[in-house]
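To start, the structure under review is shown below, and the notes come after it.
Remember, it's a predicted structure, so these values are computed and weren't measured experimentally. Chain A is the first sequence line, chain B the second, and so forth, proteins listed ahead of strands; every chain is numbered from 1.
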Amino acid sequence: VVTGNSMLTGFVYTGHLEEAEEFFRTMPERTAVSYNILFQGYVQFGHVEQARAMFSSMPQPSIVSWTGMILIYSKTGELDRAGELFARMPQHDLYSCTTMIAANALKGHVAESKRLFDGMPQHNLASWTTLIGSYAQNGQLEEARDMFELMPERDNVSWNAMITAHANKGCMDGVRRIYETMPLHNAASFGAMISAYAQNGYLHQAKEMFEKNVEQGTVSWNTLMVSFARNGHASEAIEMFHRMKLDGHQPNQDTFMAVLTAYSHIGDLEKACLELGSMAVDYGLNPV
RNA sequence: AACCGAGCUCAUGG
(Lines give C-alpha, C1' and ligand atoms only; values in the text may rest on other atoms or scores of the structure.)
Protein backbone atom coordinates (compact mmCIF):
# COMPACT_ATOMS: atom_id res chain seq x y z
CA VAL A 1 0.00 0.00 0.00
CA VAL A 2 2.76 2.36 0.92
CA THR A 3 4.57 1.88 -2.35
CA GLY A 4 1.26 2.21 -4.17
CA ASN A 5 0.77 5.50 -2.44
CA SER A 6 4.19 6.63 -3.48
CA MET A 7 3.37 5.89 -7.08
CA LEU A 8 0.11 7.70 -6.74
CA THR A 9 2.03 10.66 -5.39
CA GLY A 10 4.23 10.47 -8.43
CA PHE A 11 1.28 10.83 -10.79
CA VAL A 12 -0.17 13.69 -8.86
CA TYR A 13 3.14 15.40 -8.48
CA THR A 14 3.72 15.39 -12.20
CA GLY A 15 0.24 16.64 -12.84
CA HIS A 16 -1.10 13.48 -14.43
CA LEU A 17 -4.40 13.50 -12.66
CA GLU A 18 -6.12 11.23 -15.12
CA GLU A 19 -3.53 8.57 -14.60
CA ALA A 20 -3.68 9.15 -10.89
CA GLU A 21 -7.41 8.55 -10.91
CA GLU A 22 -7.00 5.46 -12.98
CA PHE A 23 -4.29 4.17 -10.72
CA PHE A 24 -6.33 4.97 -7.67
CA ARG A 25 -9.28 3.05 -9.03
CA THR A 26 -7.21 -0.01 -9.68
CA MET A 27 -5.32 -0.07 -6.44
CA PRO A 28 -5.96 -3.33 -4.66
CA GLU A 29 -5.94 -1.60 -1.34
CA ARG A 30 -6.47 2.00 -0.38
CA THR A 31 -5.83 3.78 2.86
CA ALA A 32 -6.93 7.16 4.05
CA VAL A 33 -3.60 8.43 2.80
CA SER A 34 -4.39 7.22 -0.71
CA TYR A 35 -7.55 9.26 -0.65
CA ASN A 36 -5.67 12.24 0.55
CA ILE A 37 -3.06 12.05 -2.13
CA LEU A 38 -5.58 12.16 -4.93
CA PHE A 39 -7.58 14.73 -3.04
CA GLN A 40 -4.56 16.97 -2.75
CA GLY A 41 -4.13 16.68 -6.47
CA TYR A 42 -7.57 18.18 -6.93
CA VAL A 43 -6.79 20.87 -4.44
CA GLN A 44 -3.50 21.74 -6.01
CA PHE A 45 -4.90 22.03 -9.49
CA GLY A 46 -8.00 23.84 -8.41
CA HIS A 47 -10.55 21.18 -9.26
CA VAL A 48 -13.04 22.37 -6.74
CA GLU A 49 -15.91 20.11 -7.60
CA GLN A 50 -13.89 16.96 -7.54
CA ALA A 51 -12.21 17.96 -4.33
CA ARG A 52 -15.52 18.67 -2.72
CA ALA A 53 -16.96 15.38 -3.90
CA MET A 54 -14.03 13.45 -2.64
CA PHE A 55 -14.03 15.21 0.66
CA SER A 56 -17.65 14.42 1.33
CA SER A 57 -17.09 10.83 0.33
CA MET A 58 -14.51 10.38 3.01
CA PRO A 59 -15.98 8.66 6.02
CA GLN A 60 -13.60 10.31 8.40
CA PRO A 61 -11.64 13.10 6.83
CA SER A 62 -8.33 13.49 8.57
CA ILE A 63 -6.97 16.80 9.67
CA VAL A 64 -4.97 16.77 6.45
CA SER A 65 -8.12 16.55 4.38
CA TRP A 66 -9.85 19.30 6.31
CA THR A 67 -6.89 21.52 5.77
CA GLY A 68 -6.87 20.74 2.08
CA MET A 69 -10.48 21.77 1.82
CA ILE A 70 -9.77 25.01 3.60
CA LEU A 71 -6.92 25.65 1.24
CA ILE A 72 -9.03 25.22 -1.83
CA TYR A 73 -11.61 27.66 -0.54
CA SER A 74 -8.85 30.03 0.22
CA LYS A 75 -7.73 29.78 -3.38
CA THR A 76 -11.19 30.40 -4.73
CA GLY A 77 -11.57 33.35 -2.43
CA GLU A 78 -14.44 31.84 -0.47
CA LEU A 79 -13.15 32.84 2.89
CA ASP A 80 -16.45 32.35 4.64
CA ARG A 81 -16.57 28.72 3.63
CA ALA A 82 -12.99 28.25 4.67
CA GLY A 83 -13.81 29.77 8.01
CA GLU A 84 -16.80 27.53 8.44
CA LEU A 85 -14.75 24.43 7.86
CA PHE A 86 -12.08 25.67 10.14
CA ALA A 87 -14.62 26.14 12.89
CA ARG A 88 -16.14 22.75 12.27
CA MET A 89 -13.05 20.61 12.09
CA PRO A 90 -12.31 18.44 15.09
CA GLN A 91 -8.82 19.70 15.79
CA HIS A 92 -6.40 22.30 14.66
CA ASP A 93 -2.70 22.06 14.17
CA LEU A 94 0.11 24.17 12.80
CA TYR A 95 -0.88 23.42 9.23
CA SER A 96 -4.54 24.21 9.50
CA CYS A 97 -3.96 27.39 11.46
CA THR A 98 -1.31 28.56 9.06
CA THR A 99 -3.58 27.90 6.11
CA MET A 100 -6.31 29.91 7.75
CA ILE A 101 -3.97 32.78 8.51
CA ALA A 102 -3.00 32.94 4.87
CA ALA A 103 -6.62 32.70 3.75
CA ASN A 104 -7.56 35.71 5.82
CA ALA A 105 -4.61 37.71 4.66
CA LEU A 106 -5.49 37.09 1.03
CA LYS A 107 -8.79 38.79 1.69
CA GLY A 108 -7.18 41.64 3.51
CA HIS A 109 -8.21 40.53 6.96
CA VAL A 110 -4.84 40.89 8.56
CA ALA A 111 -6.17 41.58 11.99
CA GLU A 112 -7.88 38.22 11.92
CA SER A 113 -4.67 36.64 10.76
CA LYS A 114 -2.89 38.06 13.72
CA ARG A 115 -5.64 36.95 16.06
CA LEU A 116 -5.33 33.39 14.80
CA PHE A 117 -1.61 33.53 15.10
CA ASP A 118 -1.81 34.71 18.69
CA GLY A 119 -4.23 31.95 19.49
CA MET A 120 -1.92 29.20 18.37
CA PRO A 121 -0.27 27.08 21.03
CA GLN A 122 2.96 26.85 19.07
CA HIS A 123 4.58 28.46 16.11
CA ASN A 124 7.13 27.42 13.61
CA LEU A 125 8.96 28.96 10.69
CA ALA A 126 5.97 28.58 8.40
CA SER A 127 3.47 30.22 10.70
CA TRP A 128 5.77 33.13 11.43
CA THR A 129 6.53 33.58 7.79
CA THR A 130 2.88 33.42 6.87
CA LEU A 131 2.16 36.20 9.28
CA ILE A 132 4.97 38.28 7.84
CA GLY A 133 3.64 37.59 4.38
CA SER A 134 0.19 38.63 5.53
CA TYR A 135 1.45 42.00 6.61
CA ALA A 136 3.54 42.34 3.50
CA GLN A 137 0.62 41.70 1.18
CA ASN A 138 -1.39 44.30 2.95
CA GLY A 139 1.27 46.93 2.92
CA GLN A 140 2.08 46.81 6.61
CA LEU A 141 5.81 46.96 6.44
CA GLU A 142 6.35 48.00 10.03
CA GLU A 143 4.42 45.08 11.40
CA ALA A 144 6.17 42.69 9.07
CA ARG A 145 9.49 43.99 10.30
CA ASP A 146 8.49 43.65 13.92
CA MET A 147 7.46 40.05 13.42
CA PHE A 148 10.63 39.32 11.58
CA GLU A 149 12.59 40.65 14.53
CA LEU A 150 10.56 38.60 16.93
CA MET A 151 10.77 35.28 15.23
CA PRO A 152 13.23 32.92 16.84
CA GLU A 153 14.85 31.69 13.66
CA ARG A 154 14.73 32.54 10.00
CA ASP A 155 15.15 30.66 6.82
CA ASN A 156 15.32 31.57 3.18
CA VAL A 157 11.59 31.71 2.82
CA SER A 158 11.21 34.24 5.58
CA TRP A 159 14.03 36.37 4.26
CA ASN A 160 12.45 36.32 0.83
CA ALA A 161 9.17 37.40 2.33
CA MET A 162 10.96 40.42 3.74
CA ILE A 163 12.29 41.37 0.34
CA THR A 164 8.74 41.48 -0.93
CA ALA A 165 7.51 43.33 2.13
CA HIS A 166 9.92 46.15 1.35
CA ALA A 167 9.39 46.01 -2.39
CA ASN A 168 5.66 46.41 -2.00
CA LYS A 169 6.27 49.64 -0.20
CA GLY A 170 8.80 50.83 -2.74
CA CYS A 171 11.45 50.80 -0.05
CA MET A 172 14.41 49.92 -2.20
CA ASP A 173 17.00 50.62 0.48
CA GLY A 174 15.29 48.02 2.58
CA VAL A 175 15.21 45.60 -0.30
CA ARG A 176 18.91 45.98 -0.88
CA ARG A 177 19.70 45.72 2.80
CA ILE A 178 17.75 42.51 3.14
CA TYR A 179 19.34 41.09 0.07
CA GLU A 180 22.81 41.83 1.35
CA THR A 181 22.14 40.60 4.83
CA MET A 182 20.50 37.30 4.07
CA PRO A 183 22.77 34.29 4.29
CA LEU A 184 21.89 32.76 0.98
CA HIS A 185 20.05 33.46 -2.20
CA ASN A 186 17.93 31.02 -4.09
CA ALA A 187 15.81 31.22 -7.22
CA ALA A 188 12.94 32.78 -5.29
CA SER A 189 15.24 35.45 -3.88
CA PHE A 190 16.34 36.44 -7.34
CA GLY A 191 12.80 36.36 -8.58
CA ALA A 192 11.77 38.66 -5.78
CA MET A 193 14.67 40.99 -6.50
CA ILE A 194 14.02 41.10 -10.20
CA SER A 195 10.42 42.02 -9.76
CA ALA A 196 11.24 44.42 -6.94
CA TYR A 197 13.52 46.36 -9.23
CA ALA A 198 11.36 45.98 -12.30
CA GLN A 199 8.20 47.15 -10.59
CA ASN A 200 9.90 50.20 -9.27
CA GLY A 201 11.37 51.13 -12.61
CA TYR A 202 14.96 50.06 -12.03
CA LEU A 203 15.32 48.08 -15.19
CA HIS A 204 19.05 48.15 -15.23
CA GLN A 205 19.31 46.68 -11.77
CA ALA A 206 16.61 44.19 -12.56
CA LYS A 207 18.65 42.96 -15.44
CA GLU A 208 21.75 42.80 -13.29
CA MET A 209 19.91 40.54 -10.89
CA PHE A 210 18.71 38.50 -13.75
CA GLU A 211 22.29 37.92 -14.86
CA LYS A 212 23.25 36.79 -11.39
CA ASN A 213 20.53 34.23 -11.31
CA VAL A 214 21.95 30.98 -12.51
CA GLU A 215 18.68 29.18 -12.94
CA GLN A 216 16.94 31.60 -15.21
CA GLY A 217 13.54 30.11 -15.58
CA THR A 218 11.20 31.13 -18.35
CA VAL A 219 9.29 33.23 -15.88
CA SER A 220 12.26 35.45 -15.12
CA TRP A 221 12.76 36.07 -18.79
CA ASN A 222 9.14 36.97 -19.21
CA THR A 223 9.12 39.22 -16.19
CA LEU A 224 12.02 41.19 -17.48
CA MET A 225 10.82 41.36 -21.04
CA VAL A 226 7.44 42.63 -19.96
CA SER A 227 9.06 45.27 -17.80
CA PHE A 228 11.21 46.47 -20.65
CA ALA A 229 8.32 46.52 -23.03
CA ARG A 230 6.08 48.44 -20.66
CA ASN A 231 8.64 51.05 -19.96
CA GLY A 232 9.16 51.78 -23.60
CA HIS A 233 12.35 49.81 -24.08
CA ALA A 234 10.90 47.67 -26.77
CA SER A 235 14.15 46.94 -28.50
CA GLU A 236 15.74 45.64 -25.34
CA ALA A 237 12.79 43.41 -24.81
CA ILE A 238 13.07 42.03 -28.29
CA GLU A 239 16.77 41.60 -27.90
CA MET A 240 16.16 39.56 -24.80
CA PHE A 241 13.71 37.47 -26.68
CA HIS A 242 16.32 36.57 -29.22
CA ARG A 243 18.88 35.85 -26.59
CA MET A 244 16.40 33.67 -24.85
CA LYS A 245 16.06 31.56 -27.94
CA LEU A 246 19.80 31.44 -28.42
CA ASP A 247 20.22 30.22 -24.88
CA GLY A 248 17.89 27.41 -25.67
CA HIS A 249 15.06 28.47 -23.40
CA GLN A 250 11.51 27.51 -24.12
CA PRO A 251 9.26 30.45 -24.75
CA ASN A 252 5.77 29.91 -23.47
CA GLN A 253 2.42 31.56 -23.91
CA ASP A 254 3.39 34.49 -21.78
CA THR A 255 6.46 35.08 -23.82
CA PHE A 256 4.05 35.66 -26.66
CA MET A 257 2.42 38.42 -24.76
CA ALA A 258 5.70 40.00 -23.83
CA VAL A 259 6.84 40.05 -27.43
CA LEU A 260 3.54 41.37 -28.61
CA THR A 261 3.61 44.12 -26.04
CA ALA A 262 7.07 45.10 -27.12
CA TYR A 263 6.19 45.37 -30.78
CA SER A 264 2.99 47.19 -30.13
CA HIS A 265 5.02 49.83 -28.34
CA ILE A 266 7.01 50.58 -31.41
CA GLY A 267 3.96 50.16 -33.57
CA ASP A 268 5.48 47.49 -35.74
CA LEU A 269 2.60 45.15 -36.10
CA GLU A 270 3.91 43.45 -39.18
CA LYS A 271 7.02 42.37 -37.43
CA ALA A 272 4.98 41.28 -34.48
CA CYS A 273 2.88 39.03 -36.65
CA LEU A 274 5.93 37.57 -38.31
CA GLU A 275 7.61 36.89 -35.03
CA LEU A 276 4.54 35.39 -33.47
CA GLY A 277 3.89 33.32 -36.51
CA SER A 278 7.33 31.80 -36.38
CA MET A 279 7.00 31.21 -32.66
CA ALA A 280 3.83 29.34 -33.26
CA VAL A 281 5.57 27.13 -35.75
CA ASP A 282 8.82 26.69 -33.85
CA TYR A 283 7.35 25.93 -30.50
CA GLY A 284 3.92 24.68 -31.28
CA LEU A 285 2.39 27.46 -29.28
CA ASN A 286 -1.03 28.77 -29.87
CA PRO A 287 -1.19 32.56 -30.08
CA VAL A 288 -4.73 32.61 -28.73
C1' A B 1 9.86 2.86 12.07
C1' A B 2 7.41 4.08 6.68
C1' C B 3 3.38 6.92 2.35
C1' C B 4 -0.44 12.50 2.05
C1' G B 5 -1.29 18.57 3.97
C1' A B 6 0.47 24.75 5.38
C1' G B 7 4.50 29.68 4.61
C1' C B 8 8.42 33.08 0.46
C1' U B 9 9.30 34.26 -5.50
C1' C B 10 6.88 34.42 -10.65
C1' A B 11 4.24 36.35 -15.72
C1' U B 12 -0.72 37.13 -18.48
C1' G B 13 -3.67 40.45 -22.87
C1' G B 14 -5.29 46.95 -18.30
Note to self: Using whole Å, what does the distance between atom P of nucleotide G13(B) and atom CG of Leu260(A) come to?
What the structure shows: 11 Å
Check: Touch check for Ala188(A), heavy atoms < 4.0 angstrom, all strands: base, sugar-phosphate only, or nothing?
Finding: base
Checklist line | Pairing residues for Arg30(A) by the salt bridge (Lys or Arg N to Asp or Glu O under 4.0 Å) criterion, not counting sequence neighbours | finding: none
Notebook entry, point to check: Which pairs count as side chain to side chain donor-acceptor pair (under 3.5 Å) when at least one residue sits in residues 219-234 of chain A, sequence neighbours excluded?
Noted result: Asn222(A)-Asn252(A), Asn222(A)-Thr255(A)
Note to self: Which residues pass the ring-ring contact (aromatic ring centres under 6.0 Å, His included) test with Tyr263(A), not counting sequence neighbours?
What the structure shows: none
Mind listing the side-chain donor-acceptor pairs of residues 170-182 of chain A below 3.5 Å, one per line with the distance, residues two or more places apart or on another chain?
residue, atom, partner, partner atom, Å
Asp173(A), OD1, Arg176(A), NH2, 3.4
Thr181(A), OG1, Arg177(A), O, 2.5

Check: Can you list every pair that meets side chain to side chain donor-acceptor pair (under 3.5 Å) and has a residue in residues 123-135 of chain A, with sequence neighbours left out?
Finding: Asn124(A)-Ser127(A)
Notebook entry, point to check: Base, backbone or nothing for each nucleotide of nucleotides 2-7 of chain B, written B, S, -, heavy atoms under 4.0 angstrom, 5' to 3'?
Noted result: BBBBBB
Next item on the list: For His109(A), enumerate each residue passing the ring-ring contact (aromatic ring centres under 6.0 Å, His included) test, keeping only those at least two apart in sequence or located in another chain.
Entry: none
Note to self: Using a strict threshold of under 4.0 Å (side-chain N to carboxylate O), is an ion pair present between Glu211(A) and Arg243(A)?
What the structure shows: yes
Note to self: From CD of Gln253(A) over to C1' of G13(B), roughly how many Å is that when rounded to an integer?
What the structure shows: 12 Å
Margin query: Expressed as a whole number of angstroms, how long is the span from Phe256(A):CZ to U12(B):P?
Written below: 17 Å
Item checked: Neighbours of RNA chain B within residues 167-185 of chain A, by heavy-atom distance under 4.0 Å -> none
Check: Separation of Arg230(A) atom CZ from G14(B) atom C1', in whole Å?
Finding: 9 Å
Check: Any Lys/Arg nitrogen of Arg81(A) or Glu84(A) sitting under 4.0 Å from an Asp/Glu carboxylate oxygen of the other?
Finding: no
Note to self: Distance check needed: U12(B) P versus Asn222(A) CG, whole Å only.
What the structure shows: 9 Å
Note to self: Distance check needed: C8(B) C1' versus Trp128(A) CH2, whole Å only.
What the structure shows: 17 Å
Margin query: Between P on C8(B) and CG on Asn186(A), what's the gap in Å once rounded to a whole number?
Written below: 13 Å
Checklist line | Partner residues of Glu112(A) under the salt bridge (Lys or Arg N to Asp or Glu O under 4.0 Å) criterion, sequence neighbours left out | finding: Arg115(A)
